[in-house]
Trainee: 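Mind having a look at this structure? Questions to follow.
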Amino acid sequence: MSYITNIFTGFWSVLAGMVVTLKYMFRKPVTEVYPRVKKPMFPRFKGPTSFVVDEKTGDHRCISCELCVKICPSLCITLEKERGEDKKFHLKEYKVDYTLCSLCSLCIEVCPTDALTHAKDYEIPALSQSEMINDFLKPFREKQKTSQPVAP
Amino acid sequence: MSSNNYIYVLVFFVVGLLFAVAFTCTPLILSPRSRGKKKTSTYESGEDTLGSAWVQFDVSYYLFALIFLAFDVEVIFLFPVVLTYSIAPLLIDLLKIVIFIGILALALAYAWRKGIFSWK
Amino acid sequence: MEIREIQKVTPDDIQVSEGVALFKLDQLLDKARSNSLWPLTFGLTCCAIEMMAVGSPRYDIDRFGFGVFRATPRQADVMIVSGTISRKMAPRIKTLYDQMPSPKWVIAMGGCAIAGGPFKYPGQYAILEGIDKIIPVDVYIPGCPPRPEALVSALLKLQEKITAKKD
Amino acid sequence: MNELFRIILSLVIVIGFVLINSLVLVWLERKVSARIQLRRGPLYVGWFGLLQTFADALKMLGKELIFPKNCDKVLYFLAPILSFAPVLGAFLVIPFGQHLVIQDLNIGLLLVFAFSGLSFIGIFMAGWASNNKYSLLGGMRSVAQNISYEIPLLLSSLNIVMMAKSFRLSDIVRAQAHVPFILLQPLAFIIFITSALAESNRTPFDIPEAESELVAGFHTEYSGLRFGIFFISEYTYVFISSCVATALFLGGSHGPFLSGWAWFLMKAYFVVFVVMWVRWTLPRLRSDQLITFAWKVLIPLSLFNIICTALALQLLKQ
């Protein structure tokens, strides 16, 4: 007897399952049409690190203390500095190798002037490894170039 | 005309073969080719294979093939019997069909009882 | 980073003109290849989870025709190396790459697959420092791990690379 | 001369139909699966992704064919061809309309079953010739499954032969002018669809190419268009078995308002849709469950059904 009831329950459960999938078929898809619609990232999203632009000066806040270089577990930050005429260190070069960075945000936590932050950029594929060594000072240099002709 | 009918079967089968051959050979012209020592080796999730795959196989498959043979032949027997029965349904023919199917069912019950269908 | 517009193959593009059939055929094949990149089902570590997310309803990589994950390298076109490559694993990956049929591409996903990531330090002996030490890589995706969107944009970049005019 | 022209014309039509139909079916499958999983499916290549499978096929044209060095060369080459060749023959007798059939042979039903029964020879050949452990397991399971489900398939169609009093498919369709046989033989229909699913290796029964355990089953070693041919023949078998189901149970080309072939194609594509729907609903059966299901459930049920039909014929003799 259980043989026949087994067959019936099996058949019935198949039908029930198919009704469920049919219902799902007429629901709205949950897909985000990604490259056409770009969703803003969450506030705590950890993108690649970058310099904070200071609102007052329009420059970066780095004081070349090298704390980030020392704490980085992946050894991905290279920093070069030079002593200016005012006996203060000036940042000459600041590069992060994204091939190594694991976005642990230790450099951000340790920074005394809050000069670093996570960018919200996430479309970062590259065709070669050299493209992934990011020069942090590049946007600031470009800004200087564009602003120089304006200044007397 | 009626003998002509079956020429279609032959022609369709042969053309199917030729078409498939042509189809599988076009990539030889169009595709790039490359060579390598590992390229033609047998796939086994990146491992090198140990030995050949042509080994002895589980006997239960063989038993299935045996019952299948018996059943399939008997089903083919049933086809003309059922056709003639449906055209002129006589009671004696019904009895014969029932006996025939009963014997088939007995064979199935025997195999079931012997545990062929439960895998070990 | 710029992301290109979705390239649409309209019926007009598929037409092969009579005169320069072979030349156009090449372009047509490239277009077809770039629109059906079947990835190899294989993941190494944590980045593989993000790779799986790409096939999920939310990101649905099948929209571009990349959704057919093939389990065997014989039918795959693109290999997504997602995760840390230990030295024991490296020869297997090399074999899998070799077993793929010829127009084939590789995407290195995540810091470990690009250059060893956090495991790269002087004196380490267990990790292969980047998959490009053993097989040629077409697109790199930095991140630890990258977002699924980053993988989608990498696949689109690969599409761009395939259809680009060859000099 | 006229006959020759007819052969060539029907061949061209059938080959074209097989190719285009399988591409459309793959697209439909991807769309249906996407909608069931709340996805969008192919979207960007062509109109609603219709050219997606066309792009896939073109890509396979330009894909390298790998000849594994350990395989049995002749069988490896022959396997996809042998799995494709019978596909065309099965289209010979399918009555797409009242007079729209290439050759209305009087053993039409048996011919279709004979041709679709040939498919697993190609599959097993592929499994054996590849000299790959996954392929061999896939091929073995495929044969065990196919021979198990062949019998309920034939037994359930016996009922229809009894009802229609003919093997000729167009006669069977004609017998359903008023009542389709699905209403008279619901059990036979269920058995037929279940075993047709298993015969064409569709998902609750796709043990031969179970991706989670056997990589790609029997076509693990096949690349490019050789694999593509397996794919085409698999989808065409799905279509053929749904055509046969339409002709046997759903009243074939009978229907109001529209012309016969439109009804036939609509019904056949509906059965194909049901097959896909089942595929994306049910999980895969285990190998032993699969075979015992055929022998312990389907075959006794169909034997019982035959006796019932014979009795009914006897009672309704007057």
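Chain naming here is simple, since letters A, B, ... match the order of the sequence lines and numbering starts at 1 in each.
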Trainee: Take the angle between the ring planes of C/Trp38 and D/Phe227 and call it parallel below 30°, perpendicular above 60°, tilted in between.
Mentor: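 The arrangement is perpendicular - the two ring planes meet at more than 60°.
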Trainee: With a sphere of 6.0 Å drawn around CZ of D/Phe270, does it hold more than 12 non-hydrogen atoms of other residues, nucleotides or ligands?
Mentor: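 At most 12 heavy atoms, drawn from other residues, nucleotides or ligands, come within 6.0 Å of this atom.
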Trainee: Which heavy atom of D/Ala55 sits nearest to which heavy atom of C/Ala32, and what is that distance?
Mentor: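 For D/Ala55 versus C/Ala32, the nearest heavy atoms are O-CB, 3.4 Å.
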Trainee: Give the C-alpha distance, both sets of side-chain angles, the deciding distance and a yes or no for salt bridge (charged side-chain N to carboxylate O under 4.0 Å, His left out) between C/Asp62 and D/Arg40.
Mentor: CA-CA 8 Å; C/Asp62 202 25; D/Arg40 300 295 289 269; over 6 Å; no
Trainee: Let me know if C/Phe69 has heavy atoms under 4.5 Å from chain D in its side chain, its backbone, both or neither.
Mentor: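 Contact with chain D involves the backbone of C/Phe69 alone.
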Trainee: So, do D/Leu58 and C/Lys31 sit near enough that their side-chain heavy atoms are less than 4.5 Å apart?
Mentor: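 Side-chain contact under 4.5 Å: no.
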Trainee: Quick check on D/Ile20: does its CD1 atom have over 12 non-hydrogen neighbours (other residues, nucleotides or ligands) under 6.0 Å away?
Mentor: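 Open: at most 12 neighbouring heavy atoms sit under 6.0 Å from CD1 of D/Ile20.
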Trainee: When only pairs under 4.5 Å are counted, which of C/Pro103, C/Ala71, C/Pro101 shares the most heavy-atom pairs with chain D?
Mentor: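 Ranked by contacts with chain D, first place is C/Pro101.
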Trainee: Roughly how far, to the nearest 0.5 Å, is the CD atom of C/Gln75 from the OG1 atom of D/Thr220?
Mentor: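 Rounded to the nearest 0.5 Å, the OG1-CD separation comes out at 7.5 Å.
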Trainee: How many angstroms lie between OG in C/Ser56 and CD in D/Gln37, if you round to the nearest 0.5 Å?
Mentor: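 Interatomic distance, C/Ser56 OG to D/Gln37 CD, rounded to 0.5 Å: 10.0 Å.
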Trainee: Taking atom CG of C/Asp98 and atom CD1 of D/Ile66, what is their separation to the nearest 0.5 Å?
Mentor: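 Reported to 0.5 Å precision, the distance equals 9.5 Å.
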Trainee: How long is the span from the CG atom in C/Asp60 to the CG atom in D/Leu38, to the nearest 0.5 Å?
Mentor: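 Going from CG on C/Asp60 over to CG on D/Leu38, the span is 10.5 Å.
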Trainee: Give a yes or no on whether the backbone of C/Asn35 and the side-chain of D/Gln52 come within a donor-acceptor separation of less than 3.5 Å.
Mentor: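 The answer is yes, because a donor-acceptor pair under 3.5 Å joins these two groups.
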Trainee: Say you draw a straight line from CZ of C/Arg63 to CZ of D/Arg39; how long is it, rounded to the nearest 0.5 Å?
Mentor: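 Interatomic distance, C/Arg63 CZ to D/Arg39 CZ, rounded to 0.5 Å: 10.5 Å.
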Trainee: For D/Lys59 and C/Leu29: C-alpha separation, side-chain torsions, deciding distance, then whether side chain to side chain contact (heavy atoms under 4.5 Å, CB included) applies.
Mentor: CA-CA 6 Å; D/Lys59 175 204 77 178; C/Leu29 279 181; over 6 Å; no
Trainee: Would you say the side-chain atoms of D/Tyr222 and C/Arg74 include a donor-acceptor pair closer than 3.5 Å?
Mentor: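 Their side chains do not contain a donor-acceptor pair, so the 3.5 Å distance test is not met.
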Trainee: Which atoms of D/Glu221 are under 4.5 Å from chain C, going by heavy atoms: the side chain, the backbone, both sets, or neither?
Mentor: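 Backbone plus side chain of D/Glu221, per the 4.5 Å heavy-atom cut-off to chain C.
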